[in-house]
Amino acid sequence: MYITGLRCTLCGAEYALGEVEYVCPKHGDEGILDVLYDYEAIARAASPARIAQDKDVSIGRYEAVLPIRSRASLPPIPVGGTPLYHARRLGERLGFPHLYIKDDGRNPSASFKDRASAVGVARARELGKNTITGASTGNAAASLALLTASVGIRSIIFVPHTAPQAKIAQLLIHGATVLAVRGSYDQAYDLCLEATKAFGWYNRNTGYNPFLSEGKKSAAFEIAEQFTALQRLDLPALFGHRGDWVRGPEDVWEPPDRIFVSVGDGCIIGGLGKGIRDMAALGWITHKPRLMGVQAEGSAAIYNAWKRGDEHIAPVTPTTLADSISVGKPRDAIKALRAVRDTEGAMVLVSDEEILEAMRILGQEAAVFAEPAAAAAFAGFLRAREEGLVSPSERVVILVTGNGLKDIQAAIRATGEPYLIEPHLDAVRDTVTRLGLGT
Ligand SMILES: *Cc1c(COP(=O)(O)O)cnc(C)c1O
Ligand SMILES: [Zn+2]
């Protein structure tokens with residue numbers, strides 16, 4: 001491990017590893033820490049050209065920049081290495097020939113959250129903890145339940161009782177103890193923190209445990225590396241990694257120009273921002289991709305602070321149908337705002353109608369099934385395109401954070417019902433004629 005310490009995002013105080021467990025003690029539960037590394041030592045041990053030759057396509061290939069002693073501590077079910085596609089047909093219709101989709105719905109529990117849970121589980125194993133707890137709108141918990149099941153650690157999970165059924169089913173099938181809280185996600189979160197302190201369980205919440213962001217940042221490394229391979233080898237898609245793009249011993253990654261990502265608590269975008277900062281400090285990238293954070297109009301606390309230009313978060317009452325980004329009091333707002341600012345990106349707002357429309361377009365023109373919160377990233381791209389915030393010559397990646405099967409009710413709401421017909425050819429003929437699909 002190349003960690004040199006932890007730094008508070010609020011007051012800048014620095015701590016040695018092990019001196020504090022989760023947050024800076026000066027600000028209650030709000031003093032989220034950043035993990036600091038010895039970049040010179042990392043650069044001596046690893047480089048893009050050397051990583052390219054690693055046969056491990058999971059996040060373990062970025063071991064040198066992860067807060068774990070060894071990749072052997074990661075769960076045996078591989079996380080990451082998800083596909084990056086060139087969405088050529090969709091991009092051409094929209095006048096954006098360089099539009100790409102990174103489908104993180106193809107992680108083991110079908111969401112981006114596996115990246116963080118994998119590192120959480122690895123840390124818990126290295127610390128000898130046998131119970132992990134987390135609060136979640138659904139995906140973080142589903143991911144924790146799956147990955148703890150792969151190593152035989154117990155998970156105790158707090159979810160709002162309104163979480164989508166598919167996500168609750170995932171928790172139960174993987175054997176988690178599920179506490180469905182009669183209250184909001186924000187209440188489930190606060191209760192989970194209280195329980196962590198009362199029972200000494202290991203806490204998986206990214207807005208609290210600084211090591212979880214470090215798992216999320218793996219997506220930034222992966223996008224930079226895969227994007228470089230796609231461009232150099234002129235591939236339409238890449239699942240996993242290819243090492244044959246390397247031109248010389250000192251090679252660097254050439255990331256896309258912009259990455260669109262949806263924002264709830266702000267942990268994902270904050271993690272991506274950390275990854276980009278690490279890569280820039282290591283000299284591993286040609287430039288910093290701009291991070292475009294997308295929030296739903298009904299859950300816009302981070303957007304509001306960004307718009308005002310400060311870091312003060314006024315809680316809102318969340319109303320969006322995109323449950324994974326339905327957050328009233330975002331827990332990682334500071335990291336999120338700094339990630340946008342540090343990469344010279346922007347925040348964008350979208351309505352629930354735009355999210356449903358984005359689900360349909362992604363499904364029909366890019367063949368990717370996204371849950372509402374994941375489609376929000378694409379809706380944000382469409383909004384940014386309308387507003388002229390992004391230019392057609394740019395190379396744009398849409399990060400799809402969760403699979404659409406997680407919330408089929410929203411999908412049916414986006415598309416409408418099938419045509420119900422009698423079992424006769426006449427009924428088929430009537431219907432296809434009415435639809436103009438005859439021949
Ligand atoms: C958690 C989640 C998000 C939002 O991530 P934050 O870290 O809360 O900003 C977006 N999409 C999906 C599918 C998620 O599960
Ligand atoms: Zn502090």
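Both counts, for ligands and for their atoms, begin at 1 and track the order of listing.
Checking K216, K217, R115 one by one against E222, the salt bridge (charged side-chain N to carboxylate O under 4.0 Å, His left out) holds for a single residue, R115. Tested against E365 for a salt bridge (charged side-chain N to carboxylate O under 4.0 Å, His left out), the candidates R93, R360, R88, R89 yield a single pass: R93.
No N or O atom of V263 sits closer than 3.5 Å to an N or O atom of ligand 1. On a distance-only criterion, E371 and ligand 1 share no N/O pair closer than 3.5 Å. In terms of polar-atom proximity, K113 is counted as a contact of ligand 1, with an N or O under 3.5 Å from an N or O of the ligand. The distance criterion of under 3.5 Å between nitrogen or oxygen atoms is not met by I325 with respect to ligand 1.
Under the 30°/60° scheme for interplanar angles, the aromatic rings of F381 and F260 are found to stand perpendicular.
When each atom of ligand 1 is checked for a heavy atom of N139 under 4.0 Å away, the hits are 13 (C), 14 (C), 15 (O). Interface of G264 with ligand 1, defined as ligand atoms under 4.0 Å from a residue heavy atom, comprises 4 (C), 6 (P), 8 (O), 9 (O). Within ligand 1, the atoms closer than 4.0 Å to a non-hydrogen atom of D265 are 6 (P), 8 (O), 9 (O), numbered from 1 in the order shown. In the vicinity of G266, heavy-atom distances shorter than 4.0 Å reach the ligand 1 atoms 6 (P), 7 (O), 8 (O), 9 (O). Proximity to G402 (heavy-atom distance under 4.0 Å) selects the following atoms of ligand 1: 13 (C).
Residue contacts with ligand 1 for C267 involve both N, CA, C or O and side-chain atoms from C-beta outward (heavy atoms, distance under 4.0 Å).
The closest heavy-atom contact to atom 10 (C) of ligand 1, among the options A116, S262, S136, comes from S262.
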